[in-house]
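Take a look at the structure set out below.
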Protein chains: 4
Amino acid sequence: MPAKVKAALLGASGYTGADLLRLGVLHPGLDFVALTANTHAGKPMSSVFPHLSSAKLPDLVTNEAVEWTDVDVVFCGLPHGASQKIIVEILEASPKTRIIDMSADYRLRDVETYAKWYGAPHVSPEWQKKAAYGLTEHNRDAIRTAPIIACPGCYPTAVLLALLPLVGAGAISTEDMIIDAKSGITGAGRGLKQNTLFAEAGESLSPYSIGSHRHGPEIEQEIGKAAGAEVVVNFTPHLIPMSRGELITAHVRLGSARNAAELRDILAAAYADEPFIRIAGRSEMPATGHVRGSNHALINVFDDRIPGRAIVVGAIDNLVKGSAGQAIQNFNVAFGFAETTALEALPLFP
Amino acid sequence: MPAKVKAALLGASGYTGADLLRLGVLHPGLDFVALTANTHAGKPMSSVFPHLSSAKLPDLVTNEAVEWTDVDVVFCGLPHGASQKIIVEILEASPKTRIIDMSADYRLRDVETYAKWYGAPHVSPEWQKKAAYGLTEHNRDAIRTAPIIACPGCYPTAVLLALLPLVGAGAISTEDMIIDAKSGITGAGRGLKQNTLFAEAGESLSPYSIGSHRHGPEIEQEIGKAAGAEVVVNFTPHLIPMSRGELITAHVRLGSARNAAELRDILAAAYADEPFIRIAGRSEMPATGHVRGSNHALINVFDDRIPGRAIVVGAIDNLVKGSAGQAIQNFNVAFGFAETTALEALPLFP
Amino acid sequence: MPAKVKAALLGASGYTGADLLRLGVLHPGLDFVALTANTHAGKPMSSVFPHLSSAKLPDLVTNEAVEWTDVDVVFCGLPHGASQKIIVEILEASPKTRIIDMSADYRLRDVETYAKWYGAPHVSPEWQKKAAYGLTEHNRDAIRTAPIIACPGCYPTAVLLALLPLVGAGAISTEDMIIDAKSGITGAGRGLKQNTLFAEAGESLSPYSIGSHRHGPEIEQEIGKAAGAEVVVNFTPHLIPMSRGELITAHVRLGSARNAAELRDILAAAYADEPFIRIAGRSEMPATGHVRGSNHALINVFDDRIPGRAIVVGAIDNLVKGSAGQAIQNFNVAFGFAETTALEALPLFP
Amino acid sequence: MPAKVKAALLGASGYTGADLLRLGVLHPGLDFVALTANTHAGKPMSSVFPHLSSAKLPDLVTNEAVEWTDVDVVFCGLPHGASQKIIVEILEASPKTRIIDMSADYRLRDVETYAKWYGAPHVSPEWQKKAAYGLTEHNRDAIRTAPIIACPGCYPTAVLLALLPLVGAGAISTEDMIIDAKSGITGAGRGLKQNTLFAEAGESLSPYSIGSHRHGPEIEQEIGKAAGAEVVVNFTPHLIPMSRGELITAHVRLGSARNAAELRDILAAAYADEPFIRIAGRSEMPATGHVRGSNHALINVFDDRIPGRAIVVGAIDNLVKGSAGQAIQNFNVAFGFAETTALEALPLFP
């Protein structure tokens, strides 16, 4: 086993940061030496997240208080924009430090696409080029060595795990992809917004950001890369009255495959050796409750009654496989640990 | 105002029956003279539904105990199969009695389609022909006089209100209709099933009955009728951790319309005088919480990033506009009451 | 029927204000001529509460924009502190205008108690003396004529309806009253607070404000008044993962009564003619779901296994009987309408 | 580390059984060789609990199919009544096999109390005498060697952890103990009951089994033992709309202690070295969300405004510390493993 890796977590007061700690403190090779949250600097983690009280963790500090050269890996849970700035600073101050970024800043290859969707030019297009897209199962080689690992968005994780092997095989078409997505409310973060209040979000259901969600171009980038062509998808997310969990229902046209069974076979073969991906039983309906709290992804394919189409369904926990869990999985790949280290926990059901 | 209409409610121990009473007991022209629930016969309604305790209601009896000739209207909340049998009996015993059926038995025009999807031949195809499809806003003339009013399924109500004017105008295509639907758990009824337990359904989300839900052919029948052609749709329902509410996200191809704005205009014109249908503000996301407990439907249309497509979203309360409320609305039409009678209540939010 | 009463609602952007409108717009004798919400002035109500879109309502204005002499009644849904100031202004500008205050400002008789619990001296102790405590069932005479009707807090409403007849009869002791209370999350209002986010409050349960909740002294005041003695109670509220509903479990010592059955009899007699209060069946467990959305209160009494004690349970909807519904009930009393006007709706279950 | 212990789990299709497997499969010293569920015999666990699919587990069999002499430890998750019968059979067939019973059958020392509360005489009062009460933190010596470890009920676990040190020290009185308890819905098991349907239990709150819950005498037995006297308590449970979690609010009279701070000090001292028990920060409100999925218990004490009383609050996850987690903790004690083995996971929040 490698020696303990010294880690900093930036943005430890958000849900993603908290879930990274929940999992990471049990990692035998990780040592969290700095946790930052600028508005809470000086406080113990237990005051921000009481459920982490039993873990031995350093108190929160500002980003400025961290000595980057003391840190082997930085997990970045800051918002986009802020992330790219500090990541450049870190890499300049301490070139050997590796970055596992859970923000959106290094996901998009194309600087114009980034500028258009995120409303400002990227501050470090050169670093953006060196970042590896952190969809672990599909990009291990790059992840192993990249200075920056750009962990995918939660929705792209669910979508790409379900669709990439099918697109890559030409088994489905990239025309007319309808991705109807549903997420629990932690997807909107811990910030104070009226629409994430219990009384507003509870016992209700609605779509949001139709046609304007930033995970759309990210999905298109990776689907397009696998297809070798430009792709435009319909990505329609909905807010669901539950805390965790994300389900994507991709309504797709068949390509070379003839039916759902063939698509299942392709997925089963692609993920046969993957510890975290499970192709559900033939008639089993993927449920987010069956992956809650775990790094698992659950996928299935169903025939559409419209000839020539199929329905691909994927379920993940948005905070784990969709963020913090995948970050740790990428850490394991990058630092030579067994990939399941600290991610062994089974889903919490019910 | 017409004199009081004597009503029987069959199947008063289910959620649909209860909601019909919740609304109906405040109707100035309705007098519930018989409530049936064979397994609870002899009990007061308050023992089956304590929230109705303050209403003066007759005790539950068996179906057999009702004297049909004393009854002007029968609201039928029995399961399919059982409904068609008793409805034939009622109409033979008391030809002037009118039936408002909330079951599925008289919705499908085609006896072969019925037999295929419901697993048994229909017992009274001749009555099936005389039934009016009870989607109030689109079938008032037939509803006014038909002996049987077959109230639509909850999903078809949401789908057809959103799509019929668009299909009828040729504004959208009937090819490639992807209807991704989401329902609260009352949609599964009050029967005891493992998947509707709080601990199973709570904090989770999954599709169900993909390609096999019986509301699929019902939607196809009515869309097909409006289009004057056979139609096959993708209808993919999901179970959502909330009690009431239904949202449909219809991913459609444009026909003669060029964009979402034109579709909104068509819907706005079609429903301009309808008291229960609201076209949401341009960027307003329909939410089931905004119609909860009411007979309202809320519809909006959004541009798809895929050229030539649009996204139509509709929200209803599945137990009200999707069942008991629409039944009362049909009763009002059939018996000459103002259509909003007993349906004036605004949504309960939060 | 009296002529239409012209009403203003102050603080229309909160849950209490919204629920007052939900009910009030169906009142045949109420005409809302002004709605205020200072931070939303100029907007239509539908933008603040889309579920009210179908109601014809004036746009929101500032408090300053209302001409008080044009208004017969003011429903005040502002926070405490702000309420007392504007109420004095209104009464000075338009002495005939009557105030139905849903804030806490005129509930406490004792100015020192007010100052201690609310952190500032009352600005108008003289008006405070003239206010009637608006627990309708127990104070109709004063409500009929008072210039200010101070609607009780939600918890005091539930507690006092359950206990006042028992205290008044000496049937229970005022020593050692343990009031363990549970409320849905709307009780905390629509303001943005971390602990009322869906992800924080959902799937969790905790007490709050133990020993420091401002409804404690309000309960003590009214219990003490009924008992003719100073009383100190244990009032321990808990936050429950649901939007609406409040349940109080009062663990009390018997006084002159010998058991729960005798206490039930006293309550049944006290409320025999009350349209909104129901004493549950002998073994029926009051559930907030059975009063949701209605002005009902549901009460029951159970024997304690500890000799000499009993357990009194009461359930209300905190936004209706606990606030907006009781405000309308008080309006009906004050302006001579039948007391159930606009409050006839049965509970929304499920 | 000891060699792998061969384990059977009886009643693997319930929530308690599932949670025992969720945790137990990660235990380096446990090998599940038999899982029983009579109505599901022959099926793989994944068909009963899909979230456990990734674990390598034997298929379900009947109880009769297990060869007890091959098994070192039996975890029993059967209902009471059934448990005592099969446990006697096992111990007769294989005297060296140890039993960790999660049912209620071996918790009560007094056979008459058992017969009265459970409706039938105990079949093996002699074994009942040899069973150790499995409240780990308070009974390690007996647990280490007893043939049967009777894991406490979920409510007694929460209550006794919070109160035993205080009773034992005489710091609180055993007179007039009011234990107002709240549980998530998994507490009612996976059986099909109307009141645990999502639509019935969601968005609602009610007490249940007032004065008749079987955990009452269990609490009294252990409090009485610590006090050296017979005790009768008020135990009033409530059903809360969440899946997991249990909170007890004990309203108690002070004994020798003068205030909450002294009670906190006693608890802090008693549990100073306990890995799973945390005394919350002085004003921190214990929340079930902060222990969800973990074996943690969270306790705090507050002053009551009634002089001479205090309020003790405890939170656990009813399926973990309240059942399966404590069973594994007892296994660790009984078989010489480090007590936290397989129980290291931090709470899943949100």
Side-chain angles (χ1 to χ4, degrees), chain C residues 175-178 180 182-184 195 197-212 216-217 220 232-236 238-247 249 251 253 260 283-290 292 300 302-309 311 313 315 349-350, chain D residues 175-178 180 182-184 195 197-212 216-217 220 232-236 238-247 249 251 253 260 283-290 292 300 302-309 311 313 315 349-350:
Chain C
E175 297 283 301
D176 221 22
M177 279 191 161
I178 313 288
D180 196 286
K182 296 93 177 166
S183 175
N195 72 326
L197 293 178
F198 187 95
E200 305 279 324
E203 273 285 308
S204 190
L205 163 69
S206 70
Y208 68 102
S209 301
I210 296 183
S212 64
E220 290 169 353
V232 176
V233 304
N234 164 324
F235 174 65
T236 308
H238 298 74
L239 203 59
I240 303 294
M242 61 187 190
S243 285
R244 283 174 184 253
E246 208 158 84
L247 188 116
T249 313
H251 305 277
R253 284 199 211 195
S283 61
E284 181 188 346
M285 296 288 162
T288 62
H290 294 160
R292 182 167 49 234
N300 211 351
F302 300 90
D303 285 314
D304 192 330
R305 291 182 58 238
I306 302 181
R309 302 191 65 100
I311 301 161
V313 180
F349 175 87
Chain D
E175 298 282 303
D176 220 24
M177 279 192 162
I178 313 288
D180 196 285
K182 295 95 179 166
S183 175
N195 74 323
L197 293 178
F198 187 95
E200 306 279 326
E203 274 285 308
S204 191
L205 162 68
S206 70
Y208 69 101
S209 302
I210 297 184
S212 64
E220 291 169 353
V232 176
V233 304
N234 165 323
F235 174 65
T236 308
H238 298 75
L239 203 60
I240 303 295
M242 60 186 192
S243 284
R244 285 174 183 254
E246 209 159 83
L247 188 115
T249 313
H251 305 276
R253 284 199 211 194
S283 61
E284 181 188 346
M285 296 286 160
T288 61
H290 294 159
R292 181 167 50 237
N300 210 350
F302 300 89
D303 285 313
D304 193 329
R305 291 182 56 240
I306 302 180
R309 302 191 65 99
I311 301 162
V313 180
F349 174 88

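Per chain, numbering begins at 1; letters A, B, ... match sequence-line order.
Interface residue C:Phe349: only side-chain heavy atoms are found under 4.5 Å from chain D. C:Ser283 does not touch chain D: none of its heavy atoms, backbone or side chain, sits under 4.5 Å away. Residue contact with chain D, scored on non-hydrogen atoms closer than 4.5 Å, involves the backbone and the side chain of C:Asn234 alike. With a 4.5 Å cut-off on non-hydrogen atoms, C:Ala315 does not touch chain D at all. Both the backbone and the side chain of C:Ile306 come within contact range of chain D, judged by heavy atoms closer than 4.5 Å. Heavy atoms of D:Glu220 lying under 4.5 Å from chain C belong exclusively to its side chain.
Once rounded to the nearest 0.5 Å, the distance linking CE of C:Met242 with CD1 of D:Ile240 reads 7.5 Å. Here the straight-line distance linking atom CG of C:Asp176 with atom CZ of D:Arg253 works out to 5.5 Å at 0.5 Å rounding. Rounded to the nearest 0.5 angstrom, C:Leu247 CG and D:Ser204 OG are separated by 8.5 Å.
Every residue meeting the side-chain contact (heavy atoms from CB on, under 4.5 Å) condition with C:Ile210, not counting sequence neighbours, appears here in chain and number order: C:Pro207, C:Thr236, D:Met285, D:Phe302, D:Ile311, D:Val313. Scanning for salt bridge (Lys or Arg N to Asp or Glu O under 4.0 Å) contacts around C:Glu203 gives an empty result, with sequence neighbours left out.
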Notebook entry, point to check: Going through the checks in order, is the side chain to side chain contact (heavy atoms under 4.5 Å, CB included) test met by D:Thr249 and C:Lys182?
Noted result: CA-CA 12 Å; D:Thr249 313; C:Lys182 296 93 177 166; over 6 Å; no
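The backbone N or O of C:Leu205 lies less than 3.5 Å from a partner atom in the side chain of D:Thr288, making a donor-acceptor pair.
Of the listed residues (D:Gly308, D:Gly216, D:Ser243), the one with the most heavy-atom contacts under 4.5 Å to chain C is D:Ser243. Of all the listed residues (D:Gly184, D:Gly245, D:Pro241), the one sharing the greatest number of non-hydrogen pairs under 4.5 Å with chain C is D:Pro241. Each of D:Arg244, D:His238, D:Arg292 has some count of heavy-atom pairs under 4.5 Å with chain C, and the biggest count is that of D:His238.
Between D:Pro286 and C:Ser206 the shortest heavy-atom distance is O-CB, 3.1 Å.
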